[in-house]
Structure formats: structure tokens, C-alpha cells
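Okay, structure first, notes after.
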Amino acid sequence: MTSPNSAGTPDVLQGLNPAQKEAVETIDGPLLIIAGPGSGKTRVITHRIAYLVRDCRVNPRRIMAVTFTNKAAREMRNRMDRLVGPRGESLTMGTFHSFCARMLRMDGGYLGLPTNYTIYDGDDQLSTIKQAMELAELDPKRNPPQAVRSVISKAKSLLQDSQAVSKFASSYFEEVCGRVYHHYEEILARNNALDFDDLLMKAVLLLQDSEEVREDYQRRYQYLMVDEFQDTNVAQYKLAQLLAGGHRNICVVGDPDQSIYSWRSADIRNILSFQRDYPDAKTVSLEQNYRSTGVILEAAKSLISANGMRLDKDLFTENSQGAPLVVHEAYDVEDEASFVVNEVDRLVRQERFQPGDCAVMYRVNAQSRAMEEACLHRGMKYRLVGGVRFYQRREVKDLMAYLRLLHNPMDEVSLARVIGVPPRGVGAKSMQDLVAWAQRQEIPLFTAMQRIAESKKGAPPETVEQAPLSSRAATAIARFADMIDGLIKQSEQLHIVDLINLALEETGFRTFIQNSDDRPDERWENILELRNTAREFNAEAPRDGLASMLERLALVADVDGYEETEEAMTLITLHQAKGLEFPVVFMVGMEEGLLPHSRSMESEEEIEEERRLCYVGVTRAQQRVYLLRAFRRGFFGASGPTKASRFLQEIPAHLFAKPLTAQGPATHRRPSIDDYESPDPLSPRMPTPVKNQPPATVRPTLKTGDYVRHTTFGEGVVMECVATGADHEVTVEFSNGVGVKKLLLSYAPLERVEG
DNA sequence: TCCTCATAACTTTTT
DNA sequence: GTTATGAGGA
């Protein structure tokens with residue numbers, strides 16, 4: 001196809017390789033783009049949109065691009081600005097979740113959904129599930145709410161309702177989940193709330209049920225693009241299909257080798273389904289890597305080739321070979337961290353890297369602590385992505401809960417959260433009585449509070465049952481209800497920032513924070529920061545600003561706030577690093593049990609996902625890769641020897657540098673491959689795991705029937721001892737009435753005694 | 001009702 | 001070493 005608009009403006013096809021060009025020019029009908037790491041995927045997407053707008057004269061309003069994070073959307077929008085100018089503003093760009101949230105706010109009425117619904121995050125979800133379990137009279141000890149949540153979430157992502165879960169339950173636990181799910185839905189409906197999965201599920205429902213709405217969206221969006229398609233779940237794919245239902249101009253971009261979210265119900269099989277659902281789909285593979293050196297790409301390729309279930313790709317690069325990989329075995333975590341900081345320091349002083357060029361990637365957030373400490377100690381600036389998240393901080397969540405309550409007074413999770421912040425004489429007991437009373441009368445909790453307030457003002461509540469509360473509690477509740485009512489009235493008049501200011505005063509929250517002995521300044525700063533974010537919504541009409549702000553804040557991820565800087569190195573989890581690139585990457589904790597993680601070693605599928613995670617890490621790097629491991633790692637208190645990650649063995653030895661200590665004198669230029677001696681196997685300090693050797697544990701493995709002594713539980717007999725990843729879970733029956741306990745061998749203060 | 005202190009259980013990744 | 005929960009005292 002030739003460009004219909006060949007005159008003027010620089011060609012959007014310029015500088016693209018043949019595969020990229022083909023992807024950009026294929027605009028009609030279904031298209032699958034398989035994009036290897038560093039293959040210019042974002043470039044292809046943005047140029048494709050620019051091609052549609054500039055060359056094919058498609059109104060940008062009719063194009064939707066869905067990305068994985070808000071940050072990716074923002075970045076894409078910036079690039080679009082450069083390519084198509086201000087017209088790009090009318091493009092629809094965002095995450096599935098944000099798109100659905102907006103759609104439901106506009107058209108959710110068809111499903112009986114009010115516009116002022118609240119979005120529940122994982123924590124809210126969990127407390128609602130606990131509530132639902134209470135209702136179903138289930139023991140949270142036997143049925144961990146976390147596990148129930150994940151089952152419910154998985155079901156929703158497969159578009160299954162509670163009936164389906166109950167019907168197809170294949171175990172007692174799943175049956176329990178079905179029951180909880182049912183109650184959970186009732187509570188959500190009563191609270192006028194949706195969880196993350198609901199946003200997708202209800203949106204699908206809406207498009208399926210209402211022909212009018214469906215056709216409306218199908219007409220509007222003539223071209224649809226989905227990025228990171230390998231990480232979409234069934235609901236998201238369904239949604240995309242519905243949106244593309246009319247014109248079938250659906251383009252999905254992804255890389256099965258970078259699928260790392262199956263635990264969040266992402267389904268790589270969507271790629272296969274796509275080819276099945278759209279047999280006429282064209283497939284384009286982007287295989288040339290522009291990001292990494294030859295060495296890095298080769299390492300990544302050999303690593304990923306160990307995966308069985310895979311579409312083989314032929315990645316290549318024209319970049320130079322570059323420096324070999326560096327493996328370093330540190331003694332412990334501190335040593336590992338200080339090696340990284342030293343090395344960054346050296347790279348900055350002796351080569352022309354900036355600290356901002358460097359990223360440290362790890363499997364679990366807990367690993368960031370050691371790195372942070374080393375950085376603080378050495379005065380190295382760093383940026384921590386994620387970690388203790390801003391929006392997870394208590395005071396931030398408290399203020400958010402107040403705002404959510406003003407937005408939607410039916411939201412009982414928020415209500416329960418703020419009633420005691422600051423303490424105002426309404427404790428657990430009163431709340432329990434109040435909830436029971438409200439339930440008996442079948443009125444919302446907040447309405448019950450309002451009734452109490454009214455009866456205090458003299459309205460004789462003869463027709464209603466008297467609330468079973470102490471007069472003290474009743475007074476406190478009445479005052480609270482009046483205060484919230486007053487704020488809700490004000491929310492009609494005030495712009496968001498003024499509303500926040502008023503709420504901070506009226507609720508007593510400001511004084512509470514500022515007079516508390518727990519870091520009052522820091523916590524107040526956080527409140528101010530939140531208020532600062534609110535300014536962005538201050539231009540909107542009073543109630544709308546509140547709604548938009550809450551919607552946005554419910555759907556932000558922490559990577560979203562990530563901005564590059566020159567002088568600070570980045571600390572980030574492997575998951576969050578997806579889609580980013582850095583000149584230098586340090587991967588720490590290359591150990592069995594961490595990468596692959598001990599909780600993901602049960603099946604080959606899980607191992608393969610861990611391997612993909614490792615692959616994602618390595619392929620983030622442009623020039624240098626360091627693979628680190630600690631010989632000893634502490635899990636909390638106790639520390640034990642570790643075993644090198646199997647992934648280290650899957651990278652060909654000739655790609656590694658000699659151990660650092662054996663390297664020549666420091667140079668003042670960027671070293672080239674010639675500075676290193678000929679290929680050398682792994683460092684001698686890197687123990688090669690011997691096959692069939694049991695994982696190293698601190699103590700010998702116990703077996704059934706062994707007698708043991710525990711520092712606190714006393715003596716007992718081993719009932720069972722099963723391997724869980726790198727560790728062992730021991731079930732011990734203790735005497736002296738202590739009973740049966742399950743303990744983890746690596747840290748339980750347990751010793752064997754002769755029976 | 002609220003706060004303090006002790007202890008138990010636990011650390012995967014997140015829209 | 002943390003965070004969630006519970007008992008007991010003010």
C-alpha cells in the first residue's frame with residue numbers, strides 16, 4: 001500500500017525496517033505483531049497511529065490504543081504529539097481499567113450502576129471478603145481470605161459469576177469460595193462499589209447486553225490497538241473483541257516470551273486464541289533488536305530457549321558484541337548491595353555512565369531494603385519504584401477514605417475506616433451493634449447513622465426500632481453523621497482542593513496527624529502531597545473533580561510516577577521493569593528460591609514464567625549486565641546458605657567475564673570486548689550445582705517419627721516433612737497440650753533429640 | 001473505648 | 001525484622 005498523502009510532512013515510514021514498515025502499513029483487518037525485546041515496538045505502534053491519522057486521514061477520535069500502564073499511555077501520547085501534533089489529543093489512550101471505569105461511569109446505567117460508584121483496591125477487596133466470610137460463617141483460619149480473593153479474582157477475569165464458581169467447584173475450598181463470592185457481590189452492590197476485576201467484567205457485560213451501547217462504541221472506534229497482549233486476561237481480550245466487533249480492525253502487539261503476569265490471570269493462550277478467532281489475521285514478527293549488545297542478546301536467547309512451550313523467534317542485532325556479562329557471588333546481601341554500589345560508582349568515575357543509567361532489579365520488593373541501606377551508607381542517590389507505595393500509606397488511605405465517603409456514602413469499607421480516625425468514641429462494639437441494627441431494618445449503614453442523628457434532634461422515631469446503643473455512642477455517631485452530611489453538602493459547592501481543606505479541618509484529621517507522636521511531619525507532608533495531586537482536578541466542577549480524582553487515584557500504579565533522572569540509580573522489581581530499558585542492569589538475588597521464587601517452583605509452567613521474568617530483566621539492558629547472588633541470605637533473623645539460580649547455568653559460559661578480581665587495571669575509557677581475556681567458564685567461586693544434590697539447608701532434613709525440641713513449644717514428634725521449594729515444612733505434634741504446629745525448617749528454632 | 005505490649009505468622013509479582 | 005492480631009489495663 002502506498003501512502004495516499006505523499007506530499008509535504010516527513011514520511012512516517014522513514015527509518016523503519018521492512019518488518020516494522022509492514023506492521024505500520026497493515027491497517028485493515030486483524031493484525032498480530034510479535035515483538036521481541038528492543039525491537040522498536042513502541043515506535044511501530046506510534047508510527048502506525050501516525051500513519052492512520054496523517055496518511056490515511058483517519059479521525060484520531062476513532063482510534064483507541066490500550067496499554068498496560070498509565071505511564072506507557074502517557075509516553076505514547078507524548079510521542080504522538082511529536083508525530084501528529086495537537087490533533088493527537090482526541091486519541092483514546094489508556095489502560096483497560098481506566099477505559100472501563102470511564103465507560104461504566106458514562107453508560108453503566110444500563111446495568112443499573114449509579115455514576116458515583118467507588119473502585120475498591122486489593123485491600124478494600126480483602127476486608128470486604130473478610131466481611132463476606134463472616135456472613136457465610138466461615139473460619140478465616142481454615143480458608144485464608146487472600147486465597148479466596150485470588151480465586152474470586154481469577155473467576156471474574158474468566159467472566160464467571162458466583163454461580164459458575166459454585167457449580168464447577170472441584171474441591172471443598174472452591175465451593176467455599178463460591179459461597180463467599182456470592183456474599184461478596186452482595187456487599188459490593190450494597191456499598192455501591194466495584195473491584196478491579198469488576199471494571200473489566202461489567203464492561204464486557206455492558207457491551208454484551210446493550211446493543212445500543214455496543215454499536216455506539218463499535219462505531220466510534222474504528223481502529224483498536226492492544227499493547228502487551230501477552231499479559232491480557234480473558235476478560236480483557238473479550239472486551240477488545242467486542243469493541244472491534246464491527247470493523248475488525250484490531251491490532252494486538254505482544255511477546256509471549258515476556259508474559260509474566262499469569263498469576264494475575266493473564267493468559268498467553270490469548271495469542272493462540274487470536275489466531276483462531278481471526279483466521280485471516282496477518283502476523284508480523286519484529287526480530288531485530290536495537291537495544292542490546294550482541295552478548296546480552298545471545299545470553300537472553302539461550303536463557304529463553306530453555307522454555308518448552310514457545311514460539312521460536314529468530315532475534316538478531318546489528319549492534320556490537322559489547323562487554324561480557326559479569327557474575328558476582330557475594331558473601332551475603334550486604335556484600336551484594338555494596339558490590340553494586342561500588343560498581344556503579346566505578347562506572348561513573350571510570351567510564352562515562354551516569355548513576356541514572358543503572359538499574360538494580362530484583363524479584364521481591366523486600367530485597368530493596370539492603371540496596372537502599374547500601375546507597376544511603378555510601379551517599380548514592382537512588383529512586384525506589386514501588387516499595388511502600390505512596391497510595392498505600394495509612395494517612396493517605398485515610399484521607400482517601402474520607403473523600404470516597406463523600407463521593408459515595410454507601411461505601412461501608414471507607415466508612416468503617418474513617419469512623420475511628422481520629423478516635424471519636426465509636427469503637428468496635430458500637431459499630432457492630434449499629435451494623436446489626438441497620439441490617440435488621442434493611443437500611444444502609446450511613447442511613448442508620450443519619451436516623452440516629454435525626455432522633456437526637458427530637459424527631460420521634462416511634463415507627464422505627466430504637467437503636468441498641470449507649471447514649472454516649474449514639475451522640476458520637478450522630479455528630480459524625482452530621483459532619484459527613486455537612487461535608488457532602490459542601491462538596492456540591494467546593495472545588496476539590498477546598499473540599500479537602502475543609503474536610504481536613506472538620507473531621508479533625510489535621511489536628512490528629514499533626515499532634516500524633518508517630519512522624520507527624522512526614523505524615524502531614526504526605527497529606528499535602530495528596531492535596532497537591534488534587535490540584536490537577538480543581539478546574540472541574542465540584543462533584544466531577546472529586547469523581548475524576550478518585551477514579552484516577554484508584555487506578556494509578558507506582559511505575560506511573562516513575563521519571564528518569566541522571567543522578568539517581570533505579571531500584572525496581574523485575575515485574576515493574578517490563579517495558580523499560582537501562583544502559584546497565586544489575587540483577588540481584590540470582591538464587592534458587594528467589595529467582596525462581598520458592599513459591600513458583602511447583603510446576604514446569606511456573607518455572608517457565610520465572611525464566612521469562614529473568615529474560616525480561618536481562619533484555620532491559622543496553623550495554624552491561626551484572627548477575628549477582630549472595631552465598632548466604634537471611635530470611636528474617638536466621639540466614640542460611642543458598643544455591644545458585646539454575647538460570648545462571650542456562651547462559652553460555654563464554655559470555656561471562658572472568659571474575660572481577662582477576663580483571664586488569666581500571667581503564668579510563670569504556671572497555672571493549674578486547675579488554676577481556678578469552679572466554680572463561682564461570683568464576684571458580686561460583687559453585688556448579690551437582691545434579692541430584694539436595695538443596696542446602698541449615699539442618700539435616702527431618703523425617704516422620706523423629707523427636708524434636710522447639711525453643712518455645714517444647715518437645716514433639718514429627719508427623720510429616722514436605723519440601724516446599726527450597727525449604728521444608730515440618731508438621732510436629734507437640735506434647736504438653738501445645739498440639740500440632742506447622743513450621744518451616746529453615747527458621748524454626750527446632751532441633752532433633754534422641755527419642 | 002482506646003492504647004500498649006506481646007506474640008505469631010509471615011514475604012511474590014500488581015491494574 | 002515486619003506487620004497483624006489479641007489480651008489486658010487505663
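Quick note on labels: first sequence line is chain A, next is B, and so on, each numbered from 1. All values below come from the heavy atoms of this structure, side chains included, with hydrogens, waters and symmetry mates left out.
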ask   = In Å, rounded to the nearest 0.5 Å, how long is the span from NZ of Lys578(A) to CG of Leu613(A)?
value = 10.5 Å
Using only heavy-atom distances, decide whether a donor-acceptor pair under 3.5 angstrom links the side-chain of [X] to the base of [N].
X         : N       : result
Trp263(A) : dT13(B) : yes
Arg363(A) : dT13(B) : yes
His97(A)  : dT15(B) : yes

ask   = Within less than 4.0 Å of OP1 or OP2 of dT12(B), is there a side-chain N or O belonging to Thr573(A)?
value = no
ask   = Is any side-chain N or O of Asn233(A) closer than 4.0 Å to OP1 or OP2 of dT15(B)?
value = no
ask   = Donor-acceptor pair, Tyr362(A) side chain versus Ile572(A) backbone, under 3.5 Å?
value = yes
key: Nearest-Å distance once atom P is located in both dA4(C) and dT13(B)   = 14 Å
task = Select base, sugar-phosphate, or nothing to describe what Lys156(A) touches, counting heavy atoms under 4.0 Å on all strands.
result = nothing
task = Just call it for Arg394(A): base, sugar-phosphate, or nothing, with non-hydrogen atoms closer than 4.0 Å on any strand.
result = nothing
query = Looking just at side-chain N and O atoms, do Asp267(A) and Tyr237(A) make a donor-acceptor pair shorter than 3.5 Å?
reply = no
message = Is the base of dT13(B) stacked against the aromatic ring of Tyr261(A), taking ring centres under 5.5 Å apart and planes under 30° as the test?
response = no
Nearest-angstrom distance from the residue atom CG of Asn365(A) to C1' of dG1(C) = 16 Å
request  = Give a yes or no on whether Arg479(A) atom CZ has more than 12 heavy-atom contacts from other residues, nucleotides or ligands under 6.0 Å away.
outcome  = no
